[in-house]
Trainee: 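Next up is a structure, given as structure tokens.
Excluded from the calculations below are hydrogen atoms, water molecules and symmetry mates; all remaining heavy atoms, backbone and side chain alike, are included. Just so it is clear: chains get the letters A, B, ... in the order the sequence lines come, proteins before strands, and each one is counted from 1.
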Protein chains: 2
Amino acid sequence: MKIMEVSEQYEISTDTLRYYERIGLIPPVNRNKSGIREYAAIDIQRIEFIKCMRSAGLPIEVLIEYIGLVQQGDQTIHARKEILKEQRKLLAARIKEMQKTLDLLDYKIAGYENAVLKKEKKSFK
Amino acid sequence: MKIMEVSEQYEISTDTLRYYERIGLIPPVNRNKSGIREYAAIDIQRIEFIKCMRSAGLPIEVLIEYIGLVQQGDQTIHARKEILKEQRKLLAARIKEMQKTLDLLDYKIAGYENAVLKKEKKSFK
DNA sequence: CCTTGACCTGGAGTCAACTCCAGGTGTTAG
DNA sequence: CTAACACCTGGAGTTGACTCCAGGTCAAGG
């Protein structure tokens, strides 16, 4: 798969894909004889993972660290688990915050529905 | 309430509080005779609201627009409701994404627990 | 052969949201 | 009276995560 196809399939710009590779978030993708990236299954897997994590706001730096540990093999399993657990905790907290905000929004929206109703009633008086 | 107290109570830096005022997110706070901000109940209410919305990632620009409409009085109720509904929709979508990521993290963490168990078993062979 | 189009690189630019700073003022404690 | 402090302002700097660009390579079609 060439970079453009990956970009379209996962809705990540080609610039961003190359950027991820530059900063070491994705290990170097293999190239064909003329230097063009050929994304293999393993690269796609990584991209899917990164897309998911990034969409939830996990920082790139943490992901770089995690993926670095993955590359280093089995002796890093414990450290990797700790990173994921930490991020899971932070993410759960953020979701809770957002849920609270969602509730407040619903409350306010309901208030406005009400205000509109009252206004309409008044105009019928 | 002076700026420092507000800052401590709501965990927002004094710089950020002044910044919010500068960009028009908070309407100008009244000052005492020597030019120092004296936050009134209404200001505090606004800050609480903003803190909640910002913690969920609502963009400052949208909040400025919303608060501007609030200042303009009742004829903007419909527009305000629409803004909140739009933001509610976006927020719900983000929460859903994050929930998916949370599930994936749980799945991966469980995988690592497993890996550790296997390793321990092996070492007892 | 030459143009077109997808790809390449390194580096600079952008954006949102702060955060920091220098230089200055007013109030209070010793 | 003066030193320490919390406050003020306008403007510059920072951070994270892209995004854009100039200038160049290469393969394929007309």
Trainee: Between Lys100(A) and Glu97(A), does at least one N-O distance fall below 4.0 Å, as a salt bridge requires?
Mentor: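 Salt bridge between Lys100(A) and Glu97(A), a charged N being under 4.0 Å from a carboxylate O: yes.
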Trainee: Would you call Lys81(A) and Glu113(B) a salt bridge, using N to O less than 4.0 angstrom?
Mentor: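 Result for this pair is yes, salt bridge flagged.
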Trainee: Grab the CD1-C1' distance between Ile23(A) and dT15(D) for me, whole Å please.
Mentor: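 Rounded to the whole Å, the gap is 14 Å.
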Trainee: Between Ile60(B) and Tyr20(B), is there a side-chain heavy-atom distance shorter than 4.5 Å?
Mentor: yes
Trainee: Give a yes-or-no answer on whether the side chains of Ser13(B) and Asp15(B) include a donor-acceptor pair shorter than 3.5 Å.
Mentor: no
Trainee: With heavy atoms under 4.0 Å as the rule, sort Ile3(B) into base, sugar-phosphate or nothing.
Mentor: sugar-phosphate
Trainee: Tell me: CG of Leu17(A) to P of dC7(C), nearest whole Å?
Mentor: 11 Å
Trainee: Given Tyr112(A), which of Arg80(B), Glu82(B), His78(B), Lys85(B) fulfils the side-chain hydrogen bond (donor to acceptor under 3.5 Å, both in side chains) condition?
Mentor: Arg80(B)
Trainee: Can you figure out which of dT19(D), dT19(C), dA6(C) approaches the side chain of Met4(A) most closely?
Mentor: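 So the side chain of Met4(A) is nearest to dA6(C).
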Trainee: Please report the distance, rounded to the nearest Å, between CD in Glu8(B) and C1' in dA6(D).
Mentor: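 So the two atoms are 12 Å apart, to the nearest Å.
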Trainee: For Arg37(B), what residues pass the salt bridge (Lys or Arg N to Asp or Glu O under 4.0 Å) criterion, not counting sequence neighbours?
Mentor: Glu21(B)
Trainee: Nucleotides 10-13 of chain C: which of its N/O atoms have a protein N/O under 3.5 Å away?
Mentor:
{"from": "dG11(C)", "atom 1": "N7", "to": "Arg22(A)", "atom 2": "NH1", "distance (Å)": "2.9"}
{"from": "dG11(C)", "atom 1": "O6", "to": "Arg22(A)", "atom 2": "NH2", "distance (Å)": "2.9"}

Trainee: I want to check one thing: is the phosphate of dT9(D), taken as OP1 and OP2, less than 4.0 Å away from some side-chain N or O of Arg18(B)?
Mentor: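 Checking Arg18(B) against dT9(D): no side-chain N or O falls below 4.0 Å of OP1 or OP2.
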Trainee: Grouping I, L, V, M, F, W and Y whenever their side-chain heavy atoms are under 4.5 Å apart, do Ile67(A) and Leu91(A) come out in a common cluster?
Mentor: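 Yes, it is one cluster - the side chains of Ile67(A) and Leu91(A) are joined through contacts under 4.5 Å.
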Trainee: Please determine if a side-chain N or O atom of Tyr19(B) lies less than 4.0 Å away from the OP1 or OP2 oxygen of dC20(C).
Mentor: no
Trainee: With a 4.0 Å limit, can you tell me whether Tyr20(A) has a side-chain N or O closer than that to the phosphate oxygens OP1/OP2 of dC18(D)?
Mentor: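 True: Tyr20(A) side-chain N/O within range (under 4.0 Å) of dC18(D) OP1/OP2.
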Trainee: For Glu5(B) and dC7(D), give me the distance from atom CD to atom C1', rounded to whole Å.
Mentor: 13 Å
Trainee: Is there any ring-ring contact (aromatic ring centres under 6.0 Å, His included) pair reaching into residues 32-69 of chain A, and which pairs are they, with sequence neighbours excluded?
Mentor: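 Listed by first then second residue: Phe49(A)-Tyr66(A).
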Trainee: Side-chain N or O of Thr16(B) versus OP1/OP2 of dA17(C): is the shortest distance under 4.0 Å?
Mentor: no
Trainee: Which residues pass the salt bridge (Lys or Arg N to Asp or Glu O under 4.0 Å) test with Lys108(A), not counting sequence neighbours?
Mentor: none
Trainee: In Å, rounded to the nearest 0.5 Å, how long is the span from CG of Leu25(A) to CD of Glu65(A)?
Mentor: 12.5 Å
Trainee: Tell me which residues in residues 59-70 of chain B lie within less than 4.0 Å of DNA chain C, going by non-hydrogen atoms.
Mentor: Pro59(B), Ile60(B)
Trainee: Could you go through the side-chain contact (heavy atoms from CB on, under 4.5 Å) check for Met53(A) and Leu104(B) one step at a time?
Mentor: CA-CA 9 Å; Met53(A) 295 301 130; Leu104(B) 179 54; 3.7 Å; yes
Trainee: Please list residues of residues 24-55 of chain A whose heavy atoms come under 4.0 Å from any atom in DNA chain D, ordered by number; otherwise none.
Mentor: Ser34(A), Arg54(A)
Trainee: Whole-Å distance between dC8(D) C1' and Glu21(B) CD?
Mentor: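 Result: 11 Å.
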